[in-house]
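These numbers come from a predicted model, not from an experiment. One-based numbering along the sequence shown.
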Amino acid sequence: MRRAMLVAAALVLAGAAQAVEKAAFTPAETAAAERIRPEAIRAHTRALADDLLEGRGTASRGERLAQLYIVAQMERLGLQPAAPAGGWLQPLEVVGITSRSPETIRLRAGSGEGIDLRAREDFVAFSGVAEPEARVAGTEVVFAGYGIVAPEYGWDDYKGTDVKGKVVLLMNNDPEDDPQLFAGKTRLYYGRWDYKYETAARQGAAGAILIHTTPSAGYPWTVVQSSWSGEQFTLPHEGGPQLQVAAWATEEASRRIATLGGQDLDALRAAAQKRGFTAVPLGVTLDAALVNEVRRKSTANVLGRLPGSDPALSREAVIYTAHYDHLGMKDDAKPGEDAIFNGARDNASGVAAMLEVAQAMASLSPAPRRSVYFVAAAAEEQGLLGSQYLTAHPPMPLGRVALNVNIDEMNVWGRTRDLIMIGLGKSSVDDWVQAIAEMQGRHVVPDASPDKGFFYRSDQFPLAKAGVPAAYFEAGTEILGQPAGFGEQKKKEYDDRDYHQPSDELRPDWDLSGAAEDTRFFFYLGLQAANAPAMPVWRPGDEFEAARKKSLADAASLP
Ligand SMILES: [Zn+2]
């Protein structure tokens with residue numbers, strides 16, 4: 001009861017418009033939350049991160065074992081199979097493309113002058129198409145600033161310029177200087193490389209070259225070189241425009257391209273800082289041909305559902321997501337070396353937490369008013385592919401999804417005073433988040449590096465991009481009973497030593513009391529969204545508000 005009263009008080013303090021209508025948690029709901037136990041999180045993690053599952057690589061035998069384990073747990077809890085075509089598994093195909101680029105690519109000016117750029121040193125290029133070859137030949141290059149089209153900011157770098165069949169040369173990130181534009185220093189989706197390529201394709205461009213600088217990328221050129229070498233994964237193309245060639249070039253190489261066209265790169269970039277900038281054709285053409293090896297693999301998302309108890313609201317839903325895939329086995333392990341990427345924290349622990357949320361949720365009688373979906377997502381490590389597919393083929397219209405709570409990497413270092421919310425400030429979900437944290441005697445803090453764009457790098461992102469309000473958290477760092485800096489140090493140790501390494505294993509010294517508390521938090525948050533009279537909304541002007549309006553309208557037009 002005490003908890004319930006605290007929630008009500010906190011909601012009033014948060015000053016939300018609907019505060020008085022929001023339900024407080026009942027003793028039965030609190031009791032359900034208390035069923036979430038650290039021992040159970042450990043047990044699920046133990047099973048999913050075992051060597052027998054061989055790192056849960058996409059399309060591997062270990063992945064099928066993980067699916068089996070998750071399905072068995074969901075079935076045991078009394079969830080219903082919820083894949084759109086029936087059953088527990090939503091099959092999907094992923095396409096792996098290995099591009100071989102020529103040692104040099106050539107750019108020519110009208111004068112007949114030309115320059116050669118060297119693969120890896122000056123540029124990296126990969127294919128936008130899953131075909132044996134991708135090519136641009138004699139294709140004109142246009143400098144198109146940031147390559148951003150954002151009606152809500154009155155910004156359009158492509159305005160008045162036809163880039164159909166051309167190659168665009170683009171700056172990374174988004175304009176930073178004006179806090180009123182593109183959230184100031186925070187990197188929005190407009191500032192990410194994937195947005196740049198996607199938008200260039202939508203404009204009909206045949207190719208796009210991103211200008212690399214360390215500040216605008218957030219990482220050095222060596223990271224570009226290593227990330228874009230080897231096999232790249234994507235979903236099969238389902239229609240719509242595609243780039244032939246997507247590339248990055250160093251700042252120096254980009255400068256040479258501009259100079260070849262008689263332009264100064266710094267002057268071009270300065271002009272592109274201003275609204276009203278017009279793209280500049282460089283009078284330069286590019287020839288590049290990539291030879292591709294294309295492989296197709298089959299995987300699946302796992303979907304379970306707890307049907308809602310309210311006759312009207314049960315058509316709507318809350319979706320929990322946690323990716324269950326990891327990196328599989330190390331190809332180049334030396335004899336005797338640990339070759340299994342167990343992914344215990346990333347993300348066996350998150351699936352474990354989601355199963356505990358499901359356990360608590362399924363114990364409620366009556367069930368929450370809206371339906372609750374639990375999705376163990378596939379192929380996250382290959383580029384959020386399972387969640388992308390889920391978003392394109394959802395079990396219900398996305399305009400009827402109240403909230404997505406994504407769980408990735410649990411806290412394994414003990415209870416915390418804080419919880420980090422990635423994307424705090426984007427939607428009305430904040431009010432619930434603050435109130436529930438307060439009820440737990442904790443506080444919510446924003447992401448310390450909003451320029452890194454973490455919101456766009458995890459499974460809630462595809463859903464958010466399609467308009468679904470989303471919540472994604474990171475473990476807090478203020479650990480109870482530990483000296484200041486302990487939590488930060490543990491996180492850093494994990495990032496330096498274990499992240500995406502075979503050493504990400506279940507350890508006897510893990511303290512999952514904080515994971516259990518965070519899992520209860522995820523339970524309360526989903527429950528709040530499942531029972532609230534109205535669905536949460538993006539803050540006015542948020543980058544995803546327009547997509548939400550469209551999906552709400554689409555859902556409203558359905559029977
Ligand atoms: Zn992960």
Side-chain angles (χ1 to χ4, degrees), residues 96-105 107 115-128 134 146-147 167-174 176 185 187 191-197 200 207-234 243 245-258 265-266 269 286 288 290-293 326-328 330-334 337 341 343 346 380-384 448-454 456-458 491-504:
I97 306 172
T98 310
S99 289
R100 208 151 22 91
S101 89
E103 282 310 305
T104 58
I105 55 172
L107 291 114
I115 56 169
D116 286 325
L117 300 182
R118 296 156 302 167
R120 290 185 64 80
E121 271 113 305
D122 299 324
F123 77 93
V124 297
F126 55 98
S127 177
Y146 284 105
V167 172
V168 288
L169 179 65
L170 302 171
M171 294 152 73
N172 201 350
N173 209 349
D174 52 40
E176 301 256 84
K185 299 245 176 286
R187 187 187 302 257
R192 284 191 47 84
W193 57 264
D194 29 5
Y195 169 84
K196 314 277 178 188
Y197 290 142
I209 304 171
L210 280 188
I211 303 167
H212 174 267
T213 68
T214 300
S216 68
Y219 39 79
W221 178 247
T222 49
V223 171
V224 177
Q225 289 175 317
S226 61
S227 324
W228 295 113
S229 64
E231 195 171 23
Q232 307 291 326
F233 291 91
T234 172
L243 294 178
V245 177
W248 288 75
T250 62
E251 186 172 26
E252 193 41 45
S254 307
R255 202 178 288 288
R256 289 172 61 206
I257 297 171
L265 185 66
D266 295 326
R269 289 191 291 197
L286 171 67
L290 307 174
V291 179
N292 300 324
E293 195 186 303
H326 197 54
L327 302 171
K330 203 171 181 177
D331 302 328
D332 54 354
K334 298 172 194 76
E337 188 190 340
F341 293 103
D346 184 12
E380 188 267 359
E381 306 285 8
Q382 320 287 350
L384 318 182
S449 345
D451 55 317
K452 296 233 161 74
F454 286 123
Y456 314 100
R457 291 155 72 166
S458 204
K491 263 194 179 179
K492 187 171 180 325
E493 271 172 28
Y494 173 83
D495 285 344
D496 293 349
R497 189 188 62 192
D498 301 328
Y499 175 72
H500 284 197
Q501 296 300 325
S503 60
D504 182 1

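- Separating the NE2 atom in His500 from the CG atom in Asp346 is a distance of 4.5 Å, to the nearest 0.5 Å.
- Note: Trp193 and Trp228 have perpendicular aromatic rings, judged against thresholds of 30 and 60 degrees for the angle between ring planes.
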Show your reasoning for whether side-chain contact (heavy atoms from CB on, under 4.5 Å) applies to Tyr197 and Leu210. CA-CA 9 Å; Tyr197 290 142; Leu210 280 188; 4.0 Å; yes
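- The side-chain heavy atoms of Ser227 and Tyr219, taken from C-beta on, include no pair separated by under 4.5 Å.
- Separating the CZ atom in Arg187 from the OG atom in Ser216 is a distance of 7.0 Å, to the nearest 0.5 Å.
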List the steps and the verdict of salt bridge (charged side-chain N to carboxylate O under 4.0 Å, His left out) for Arg256 and Glu252. CA-CA 6 Å; Arg256 289 172 61 206; Glu252 193 41 45; 5.8 Å; no
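- A distance of 11.5 Å separates OG1 of Thr213 from CH2 of Trp221, quoted to the nearest 0.5 Å.
- Looking at Gln501, its side chain never comes within 3.5 Å of a backbone N or O of Asp495 through a donor-acceptor pair.
- With respect to the salt-bridge test (charged N to carboxylate O, under 4.0 angstrom), the residues Asp266 and Arg269 qualify.
- Distance CG/Asp504 to OH/Tyr499: 10.0 Å, rounded to 0.5 Å.
- The number of heavy-atom neighbours closer than 6.0 Å to CD of Glu231, taken from other residues, nucleotides and ligands shown, is above 12.
- The environment of Lys185 atom NZ is dense: over 12 non-hydrogen atoms of other residues, nucleotides or ligands sit within 6.0 angstrom.
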Just do the side chain to side chain donor-acceptor pair (under 3.5 Å) check on Ser99 and Asn292 with the steps written out, would you? CA-CA 4 Å; Ser99 289; Asn292 300 324; 2.7 Å; yes
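- Nearest approach of Ala208 to Leu170, heavy atoms of both residues: CB-CD1, 4.5 Å.
- Between Val167 and the choices Ile257, Leu286, Val245, the side chain to side chain contact (heavy atoms under 4.5 Å, CB included) rule is met once, by Leu286.
- Residues Ile211 and Leu265 are in side-chain contact: their nearest non-hydrogen atoms beyond the backbone lie under 4.5 Å apart.
- Note that the CG atom of Asp332 and the CD atom of Glu337 stand 7.5 Å from one another [nearest 0.5 Å].
- Distance check: Phe126 CZ to Leu290 CG gives 10.0 Å after rounding to the nearest 0.5 Å.
- A 4.5 Å side-chain heavy-atom check between Ile209 and Phe123 finds every atom pair outside the cut-off.
- Between Ala253 and Ala249, the closest heavy-atom pair is CB-CB, 4.3 Å.
- Nearest heavy-atom pair across Ala288 and Ile105 is CB-CG2, 3.6 Å.
- Relative ring orientation between Trp248 and His212 is described as tilted, the plane-to-plane angle lying within the 30° to 60° band.
- The environment of CD in Glu103 is sparse: at most 12 heavy-atom neighbours from other residues, nucleotides or ligands sit within 6.0 Å.
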